[in-house]
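Computation of the quantities below employed the complete heavy-atom set of this structure, encompassing side-chain atoms and omitting hydrogens, waters and symmetry-equivalent molecules. Just follow the structure's listing: the first ligand is 1, and inside any ligand the first atom is 1.
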Amino acid sequence: MSRAPIVLGIAGSPRRFGNSDRLLGAALAGAREAGAETRTLVAADAGLRHCLGCNACSLDGECVQHDGGPALYRAIDEADAIIVVTPVYFASVPGVLKVLIDRMQPYWARTYALKRPRPARRPGAILIARGGGDPYGFEHAEATVRSAFAVLDIDVLDVLATPGVDRPADLEAHPEVLERAHALGAVVTAEATKRLIER
Ligand SMILES: Cc1cc2nc3c(=O)[nH]c(=O)nc-3n(C[C@H](O)[C@H](O)[C@H](O)COP(=O)(O)O)c2cc1C
């Protein structure tokens with residue numbers, strides 16, 4: 001397969017152009033330099049209603065809601081790799097990202113309720129920004145994104161968690177972190193390219 005891999009970045013913060021957006025920007029720049037086509041989906045702008053827990057998706061694998069869901073599912077399905085970035089909010093992910101993650105339930109339903117064949121596994125990565133002023137860490141935010149990635153059959157290649165960033169531009173004082181995010185974007189792209197060729 002000769003096309004460029006599509007790397008989808010999901011921006012999880014309700015605050016635009018802050019620390020997590022900077023992490024994602026660096027990762028997607030690294031992905032582009034490694035040959036990817038990059039796309040960005042901003043959770044806060046995705047026009048998603050929260051999951052109703054109605055389990056209708058367990059009947060046919062589709063969500064019954066008429067909102068930003070179809071565009072979200074198209075973006076997820078077209079991606080060859082997915083990078084999720086999130087700030088830590090009260091030890092977990094912000095509500096806007098949790099709403100998006102809960103809307104992954106149709107993928108769970110297709111695999112576990114409807115027993116459909118699983119799609120090809122894709123690579124991914126998790127980027128986390130946090131102030132670090134509370135004692136509860138980032139592990140719950142990471143676990144929440146990993147849980148969604150498990151349902152999407154995404155292999156997490158790496159997790160980059162950055163404490164000590166609170167004001168929107170704090171990350172600019174940590175160029176080494178931005179370099180690591182940039183490098184991770186390239187690693188994800190290389191793996192996506194390899195899997196595209198093998199398919
Ligand atoms: C509502 C809210 C809750 C937060 N909760 C935590 C927390 O539990 N732990 C933490 O380390 N930082 C917490 N923070 C700080 C953010 O993680 C930090 O400001 C981060 O850099 C924001 O990323 P952004 O610039 O991409 O929005 C919180 C910030 C907000 C606004």
Side-chain angles (χ1 to χ4, degrees), residues 6-34 36-51 67-68 71-72 75-76 79 81-104 123-150 152 154 156-189:
I6 296 167
V7 176
L8 174 68
I10 298 180
S13 180
R15 176 166 77 175
R16 301 309 322 281
F17 314 119
N19 296 303
S20 54
D21 276 4
R22 285 165 207 264
L23 280 175
L24 185 61
L28 293 184
R32 278 190 299 278
E33 284 168 34
E37 173 189 336
T38 61
R39 299 177 183 175
T40 302
L41 197 153
V42 179
D45 296 343
L48 297 169
R49 295 196 201 97
H50 59 76
C51 173
D67 58 2
L72 167 69
I76 299 260
I82 301 179
I83 298 174
V84 170
V85 64
T86 182
V88 176
Y89 270 23
F90 289 96
S92 187
V93 301
V96 287
L97 180 58
K98 189 61 166 59
V99 165
L100 184 152
I101 286 173
D102 289 353
R103 293 292 296 277
M104 297 297 105
I126 303 170
L127 310 173
I128 299 172
R130 67 185 182 113
D134 91 332
Y136 300 106
F138 64 89
E139 292 83 0
H140 298 287
E142 177 186 336
T144 298
V145 180
R146 278 186 182 274
S147 173
F149 273 174
L152 293 173
I154 302 273
V156 179
L157 300 192
D158 208 352
V159 179
L160 176 55
T162 312
V165 289
D166 212 357
R167 289 169 301 174
D170 277 354
L171 201 60
E172 295 304 316
H174 301 275
E176 73 288 354
V177 174
L178 291 169
E179 276 166 30
R180 284 178 60 200
H182 187 277
L184 185 51
V187 166
V188 168
T189 301

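Scored by the side-chain hydrogen bond (donor to acceptor under 3.5 Å, both in side chains) test, Asp45 finds no partners at all (sequence neighbours excluded).
Side chains of Val42 and Asp21 form no contact here, defined as non-hydrogen atoms less than 4.5 Å apart. Between Thr162 and Arg180, the closest side-chain pair of non-hydrogen atoms is not below 4.5 Å.
Contact detail for Gly137 and Arg130: the closest heavy-atom pair is CA-NH1, 3.7 Å. When all heavy atoms of Thr40 and Leu28 are compared, the pair lying nearest together is OG1-CD1, 3.4 Å. Summarising the geometry of His140 relative to Ala91, their closest heavy-atom pair is CB-O, 3.1 Å, with the distance given to 0.1 Å.
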Measure from every N or O atom of ligand 1 to the protein's N or O atoms and keep only the pairs below 3.5 Å, writing each with atom names and distance to 0.1 Å.
unit_1: ligand 1; atom_1: 5 (N); unit_2: Val88; atom_2: O; d: 3.4
unit_1: ligand 1; atom_1: 5 (N); unit_2: Phe90; atom_2: N; d: 2.9
unit_1: ligand 1; atom_1: 8 (O); unit_2: Phe90; atom_2: N; d: 3.0
unit_1: ligand 1; atom_1: 8 (O); unit_2: Ala91; atom_2: N; d: 2.9
unit_1: ligand 1; atom_1: 8 (O); unit_2: Asp134; atom_2: OD2; d: 3.2
unit_1: ligand 1; atom_1: 9 (N); unit_2: Asp134; atom_2: OD1; d: 3.2
unit_1: ligand 1; atom_1: 11 (O); unit_2: Gly131; atom_2: N; d: 3.4
unit_1: ligand 1; atom_1: 11 (O); unit_2: Gly132; atom_2: N; d: 2.7
unit_1: ligand 1; atom_1: 12 (N); unit_2: Gly131; atom_2: N; d: 3.3
unit_1: ligand 1; atom_1: 14 (N); unit_2: Val88; atom_2: O; d: 3.2
unit_1: ligand 1; atom_1: 17 (O); unit_2: Val88; atom_2: O; d: 2.8
unit_1: ligand 1; atom_1: 19 (O); unit_2: Asp166; atom_2: O; d: 3.2
unit_1: ligand 1; atom_1: 19 (O); unit_2: Asp166; atom_2: OD1; d: 2.5
unit_1: ligand 1; atom_1: 21 (O); unit_2: Asn19; atom_2: ND2; d: 3.0
unit_1: ligand 1; atom_1: 21 (O); unit_2: Val165; atom_2: O; d: 2.7
unit_1: ligand 1; atom_1: 25 (O); unit_2: Arg15; atom_2: NE; d: 3.2
unit_1: ligand 1; atom_1: 25 (O); unit_2: Arg15; atom_2: NH2; d: 2.7
unit_1: ligand 1; atom_1: 25 (O); unit_2: Asn19; atom_2: N; d: 2.8
unit_1: ligand 1; atom_1: 26 (O); unit_2: Asn19; atom_2: N; d: 3.4
unit_1: ligand 1; atom_1: 26 (O); unit_2: Ser20; atom_2: N; d: 2.8
unit_1: ligand 1; atom_1: 26 (O); unit_2: Ser20; atom_2: OG; d: 2.4
unit_1: ligand 1; atom_1: 27 (O); unit_2: Ser13; atom_2: OG; d: 2.6
unit_1: ligand 1; atom_1: 27 (O); unit_2: Arg15; atom_2: NE; d: 3.4

